[in-house]
Amino acid sequence: MVTMTKPIGILFSSVLLASRSLSTRAFSPPSLASFRNSALGPSAASSVGSSHGRSRLAKPATALFDTNPLRSLFQNFQSRGMSTSLSSQQLSRLTSLTAALAEPSSWEEIRAALTSQQTPQEREFRSNLPKGVGVGSPLHTLRLFDEENDEEDVRVTLFRDSASWCPYCQKVWMTLEQKRIPYRITKINMRCYGDKPSSFTKLQPSGAIPVAIIDGATYRQSNDIIFALEEKFPESEAMVYGDQGKIRELLGLERKLFSSWMYWLTSYDGPNGKLRKEFLSTLMEVERALQSVQGRGFFMGDKVSVVDCMFAPFLERMAASMLYFKGLKIRVADGEKTDFPAVNRWFDAMETLPSYQLTKSDYYTHCWDLPPQLGGCVAEPGSEPFQIAINGETAGSWSLPLSPHNDGVEPDWAWAGGYPGDEKIAMREAVERVSANHEAIVKFACRGAGKEGFPRYGAPLADPNAMSNEAVQPFVDVVLRVVCSKLLSNDATTCDKSMNEVVSLWKKEGGDEIIEMAATSLEYMRDRVGVPRDMRLPAARQLRAHLNWAITALSQ
């Protein structure tokens, strides 16, 4: 898959390095999911993760690492087209009995319980979305920031990826948020996740994203967009300032780091460890550059700059992918020793910025969205324990009770309710996202027990034409209501009882096939919760773990 090179802007043209040729094999510019491929948000459902037709908790904690660890996913996934032997009368009776038994009895009851627990800011979230105000969200299609801003005065339209995973889109998106420039958003999918609309290919024949229209002019490269925003909105926070020579030097270092990362990520290192040494040597250059700066920890000192925006998408992906595929830990939790303290201090500084908090993804999402874009990532010995943890296969990773920092693998997001004691923030966020779009989510989840679509797409699990299994939808709806109730409840016993009663009823009425299809549908949904598109990491972990709780109950 060929990607258009993302050149540095005119100001920094001198820092284009030999990595130019490598960047053409790196990230596909179109988005990572189809607009019509999602239920968890108005954008598409991610093709992150695996669904192997059985509970993740039952999977053996072993894998083959001689080739791409995602090989089994690419080769073996298929929508089952599962069916039940129950007659239509039996199915109707079981549906009615389930509806009469189920607690909570409706999504309205879930929403009422959620509203009673939400903070005022949380209650305003959904009503603020169409107005383009409030806390930033991937769900926004209009961003005005302040109600005093008029939609008619918006000068920028950003075409970005639907799933919020494209690194080039991320740095533009983050720049707009940091500078607080009002903008509209149009979401475009990636080739391997579905078709792009002809209206976009007319605007951008290459299909590359991001694209921005600013004051009627079209900009087709991420860096060109950033520098155009800097030029045309001088009244907004400056992102280019200070020593221009230093900026050029740092941006050159960013491209050098990108190159060494990409070569190692997509290759198996030799016995002399050359690729590992090259990457670590370059990362240490970044460490020294950050150590030399006084202040909060940004590349230029106390204040975020264009340099931070250029580094952010790739350092974030390096922290995830180097751990998952190479067993190299870059980002650590507070108090843990590291060879890269300044890089970690930079991450800490970035995570104080609402603009970065909005765009930040998690390790699981990155480690499953990168291989389809790159044509594969190569795992090496020593990465196995981290793969198992990131994939939710270790105790406390995606099972209750959750381990802080995923047992040291990925730092919790304290600013998003990630620490122990803040779990209710994450739980409410998960329930808000599911309950606000529950009909589409149920239908999407039941693709797991449905039929695969045609034509197929190049990325694993990207199946925008798949058919949902209508027979199992009412039963998945019930289970999701119980899951949401458990997320909100302080009385776990009541929810456990409700779940057990539902399962007992299905078994009594001959619904074993319904149980299997419901469990498969929940697995399908669990593996496709995308960060940040659907919700932030703490909420995603809570939802995944509670779905696993339900899957376990169904499997007993």
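Residues Gln170 and Tyr356 form a side-chain contact, since some pair of their non-hydrogen atoms from C-beta on lies under 4.5 Å apart. Side-chain contact between Leu158 and Pro210: present, with at least one pair of heavy atoms (C-beta onward) separated by less than 4.5 Å. Ser137 places a side-chain heavy atom less than 4.5 Å from the side chain of His140. Lys246 has its side chain within reach of Val293: a pair of non-hydrogen atoms, C-beta onward, lies under 4.5 Å apart. Taking 4.5 Å as the limit, some side-chain heavy atom of Leu142 sits within range of a side-chain heavy atom of Val154. Side-chain contact between Gln204 and Thr218 is absent, with no heavy atoms from C-beta onward closer than 4.5 Å. Using a 4.5 Å heavy-atom threshold, the side chains of Asn223 and Tyr168 count as separate.
The backbone N or O of Asp269 lies less than 3.5 Å from a partner atom in the side chain of Glu380, making a donor-acceptor pair. Distance alone, capped at 3.5 Å, places no donor-acceptor pair between the Asp412 side chain and the Ala414 backbone. Side chain of Asp534 to backbone of Val529: no donor-acceptor contact under 3.5 angstrom is found. Between the Arg428 side chain and the Thr115 main chain, no donor and acceptor come within less than 3.5 Å of each other. Side-chain N or O atoms of Thr365 include one that pairs as donor or acceptor with a backbone N or O of Val531 at under 3.5 Å. Without hydrogens or angle criteria, Asn406 side chain to Ala389 main chain gives a donor-acceptor distance under 3.5 Å. Side-chain N or O atoms of Tyr241 include one that pairs as donor or acceptor with a backbone N or O of Lys303 at under 3.5 Å. Not a single donor-acceptor pair under 3.5 Å links the side chain of Asn344 to the backbone N or O of Thr338.
Comment: Lys179 engages Glu230 in a salt bridge, judged by a side-chain N to carboxylate O separation of less than 4.0 angstrom. Salt bridge annotation for Arg180-Asp146: present, with a cationic side-chain nitrogen under 4.0 angstrom from a carboxylate oxygen. Taking a cutoff of 4.0 Å between a charged side-chain nitrogen and a carboxylate oxygen, Lys256 and Glu285 qualify as a salt bridge. Electrostatic pairing of Arg544 and Asp362 counts as a salt bridge here, judged by a charged N lying under 4.0 Å from a carboxylate O. A salt bridge links Arg331 with Glu351: the distance from a Lys NZ or Arg NE/NH1/NH2 to an Asp or Glu carboxylate oxygen falls below 4.0 Å.
Within a 6.0 Å sphere centred on NZ of Lys424, other residues, nucleotides and ligands contribute more than 12 heavy atoms.
Put simply, CZ on Arg541 and CG on Leu543 are 12.5 Å apart, with the number rounded to the nearest 0.5 Å. Between Trp264 atom CH2 and Lys326 atom NZ the span is 6.5 Å, to the nearest 0.5 Å.
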Exercise. Evaluate the side chain to side chain contact (heavy atoms under 4.5 Å, CB included) criterion for residues Phe258 and Leu315: first the C-alpha distance (whole Å), next the side-chain angles of each, then the deciding distance (0.1 Å), finally the verdict.
Key: CA-CA 9 Å; Phe258 174 89; Leu315 275 174; over 6 Å; no
Practice problem: Any chance you could lay out the salt bridge (Lys or Arg N to Asp or Glu O under 4.0 Å) test for Glu336 and Lys329, step after step, and finish with the verdict? | Solution: CA-CA 11 Å; Glu336 186 176 343; Lys329 182 178 284 190; 3.1 Å; yes
Self-check item: CA sep, side-chain torsions, deciding dist, call: Ile330, Leu323, side chain to side chain contact (heavy atoms under 4.5 Å, CB included)
Solution: CA-CA 8 Å; Ile330 299 173; Leu323 186 65; over 6 Å; no
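The side-chain tip of Arg155 does not point at the ring of Tyr183 from less than 6.0 angstrom away and within 45° of straight on. Both tests hold for Arg255 against Phe314: distance to the six-membered ring centre under 6.0 Å, angle to the ring axis within 45°. No cation-pi contact links Arg345 to Phe347, judged by a cut-off of 6.0 Å to the six-membered ring centre and 45° from its axis. Stacking of Arg433 on the aromatic ring of Phe125 is recorded, both the 6.0 Å distance cut-off and the 45° axial limit being met.
A distance below 6.0 Å separates the ring centres of Tyr364 and Trp398. Checked against the 6.0 Å centroid criterion, the rings of Tyr324 and Tyr363 do not qualify as a close aromatic pair.
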